[in-house]
Novice: 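One structure, as structure tokens, below. Some questions next.
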2 protein chains.
Amino acid sequence: MNTRFAVATHILTFLAYQGGEPATSELIAASVNTNPTFIRRLLTQLAKAGLTTSQLGAGGGALLAHPASRISLLDVYRAIDEEQQVFALHDAPNPQCPVGRNIDAVLKGRMLEAERALQAQLAQTTIADLAADIAERNKVA
Amino acid sequence: MNTRFAVATHILTFLAYQGGEPATSELIAASVNTNPTFIRRLLTQLAKAGLTTSQLGAGGGALLAHPASRISLLDVYRAIDEEQQVFALHDAPNPQCPVGRNIDAVLKGRMLEAERALQAQLAQTTIADLAADIAERNKVA
DNA sequence: TTATGTGTAACCGATATGGATACAGAAAAT
DNA sequence: ATTTTCTGTATCCATATCGGTTACACATAA
């Protein structure tokens with residue numbers, strides 16, 4: 001998979017760490033080690049999903065739209081991965097073959113079950129959990 | 001994701017349908033609607049994972065190495081997806097940032113949990129299940 | 001009115017994906 | 001023994017995706 005989910009999660013965790021202070025795309029990009037445009041593209045998706053808001057102008061930047069404890073990794077996954085499917089089917093199996101004409105329908109169901117299991121697990125973690133884990137690590141170090 | 005997992009599953013289900021008759025890469029490719037080389041590449045991986053065997057020469061082809069009821073989708077997933085991870089991390093977050101220097105370790109753990117949930121669900125389905133589903137659909141139609 | 005920062009478009013190089021051709025080698029068929 | 005069949009693998013290609021980069025209009029704060 002691409003790194004967008006990981007970066008989006010990084011962004012939200014970073015914002016949670018900011019304690020309400022807006023963060024610019026440049027600041028976030030420095031933490032992620034990428035470029036501000038990439039961050040802004042993801043922030044646009046997160047904003048559309050209602051997870052963040054943006055404050056324009058000087059002193060502005062991105063903010064969490066909800067408490068970090070109310071944003072799960074599943075929310076992030078849904079906001080970022082527009083396709084929302086881990087698995088892909090192959091195009092147009094042979095309809096004249098007993099297997100070919102049914103494999104997609106049959107396999108799709110099993111893929112959805114696996115996908116649901118993945119999503120259910122993602123729903124168990126919130127951005128606040130990650131922020132707490134990170135705070136713990138920084139305390140120890 | 002790419003379609004290799006789906007095609008590999010298609011191959012194995014096709015072989016299960018063959019009832020012990022070897023299938024050539026050309027025959028399988030016709031069912032999948034792709035080219036024989038792609039099938040052979042996947043068969044090589046499946047054979048290395050011990051899921052199939054190949055019979056060379058005239059009248060030869062691919063065969064299941066085990067009963068279809070003993071091959072799970074998790075076996076296929078492990079045979080094909082060498083990386084075996086749905087999620088990817090972004091390269092080299094900033095070690096000078098409290099979030100950047102810990103996000104990978106923290107996120108990796110949560111990703112592994114989700115991945116495990118996915119794999120556990122994949123383990124619930126066997127090639128024999130798929131073949132049975134397909135047989136049922138062909139019976140009705 | 002100026003400075004700051006977002007949102008978005010356009011372009012690029014690198015990589016992954018699957019399709020196509022080719023061919024050496026193994027085994028079956030004759 | 002020779003021919004045919006089929007695998008295993010290498011090579012090349014077109015296309016798509018990914019993330020990086022530059023650029024700029026627009027909104028807002030200073």
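In what follows, every chain begins at residue 1, and chains take the letters A, B, ... in the order their sequences are listed.
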Novice: Of all the nucleotides listed (dG5(C), dG18(C), dA22(C)), which has the minimum atom distance to the side chain of T24(A)?
Specialist: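 Closest nucleotide to the T24(A) side chain: dG5(C).
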Novice: Tell me which of A58(A) and T44(A) sits closer to the 5' end of DNA chain C, going by the nucleotide each one is nearest to.
Specialist: A58(A)
Novice: Rounded to whole angstroms, how far apart are CZ on F5(B) and C1' on dA16(C)?
Specialist: 19 Å
Novice: May I ask you to test the F14(B)-I39(B) pair for a side-chain heavy-atom distance under 4.5 Å?
Specialist: no
Novice: Which atoms form the tightest heavy-atom contact between S25(A) and R40(A), and what is the distance?
Specialist: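 Of all heavy-atom pairs spanning S25(A) and R40(A), the closest is OG-NE, 3.1 Å.
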Novice: Counting side-chain heavy atoms from CB outward, which of dC18(D), dA29(C), dT17(C) is closest to R4(A)?
Specialist: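 Selected nucleotide (nearest to the side chain): dC18(D).
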Novice: N35(B) has an atom CG; how far is it from atom C1' of dA22(C), in whole Å?
Specialist: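 Distance check: N35(B) CG to dA22(C) C1' gives 13 Å.
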Novice: Where does DNA chain C form stems of at least three consecutive Watson-Crick or G-U wobble pairs, each pair having both distances below 3.5 Å?
Specialist: C:1-30 with D:1-30
Novice: With a 4.0 Å limit, can you tell me whether H90(A) has a side-chain N or O closer than that to the phosphate oxygens OP1/OP2 of dT17(C)?
Specialist: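 Indeed not, no polar side-chain atom of H90(A) lies that close.
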Novice: Checking contacts here: which listed nucleotide (dG19(D), dT8(C), dG19(C)) is nearest the side-chain heavy atoms of F38(A)?
Specialist: dG19(D)
Novice: Nearest whole angstrom, please: distance from the P of dG18(C) to the CD1 of I39(B).
Specialist: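 Roughly 11 Å, once rounded to whole Å.
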Novice: Write down the distance between CE (M1(A)) and C1' (dT17(C)), rounded to a whole number of angstrom.
Specialist: 17 Å
Novice: How long is the line joining CG of N33(B) and P of dG19(C), in whole Å?
Specialist: 8 Å
Novice: Compare the minimum distances between each of dA20(C), dT5(D), dG20(D) and the side chain of T34(A), then state the nucleotide with the smallest one.
Specialist: dG20(D)
Novice: As a test of reading the structure: which of dA23(D), dG19(D), dA10(D) is closest to the side chain of T37(A), going by heavy atoms?
Specialist: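 Ranking dA23(D), dG19(D), dA10(D) by closest atom to the T37(A) side chain puts dA23(D) first.
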Novice: Within the structure provided, determine whether Y77(B) and L118(B) are in side-chain contact (heavy-atom separation under 4.5 Å).
Specialist: yes
Novice: Tell me the interatomic distance from L63(B), atom CG, to dT7(D), atom P, rounded to whole angstroms.
Specialist: 10 Å
Novice: So, OP1 or OP2 of dA28(C): does either fall under 4.0 Å of a side-chain N or O from Q55(B)?
Specialist: yes
Novice: For dC6(D), does OP1 or OP2 lie under 4.0 Å from any side-chain N or O of R40(B)?
Specialist: no
Novice: Identify which nucleotide among dA27(D), dT7(D), dG19(D) has an atom closest to any side-chain atom of S25(B), counting heavy atoms from C-beta outward.
Specialist: dT7(D)
Novice: Quick one: R41(A) CZ to dT22(D) P, roughly how many Å, whole number?
Specialist: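 Rounded to whole Å, this separation is 13 Å.
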Novice: Any non-hydrogen side-chain atom of L15(B) less than 4.5 Å from a side-chain atom of L63(B)?
Specialist: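 SC-SC contact between L15(B) and L63(B) ruled out.
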Novice: From dC18(D), dG18(C), dG8(D), pick the nucleotide closest to the side chain of S54(B)?
Specialist: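 Side chain of S54(B) sits closest to dG8(D).
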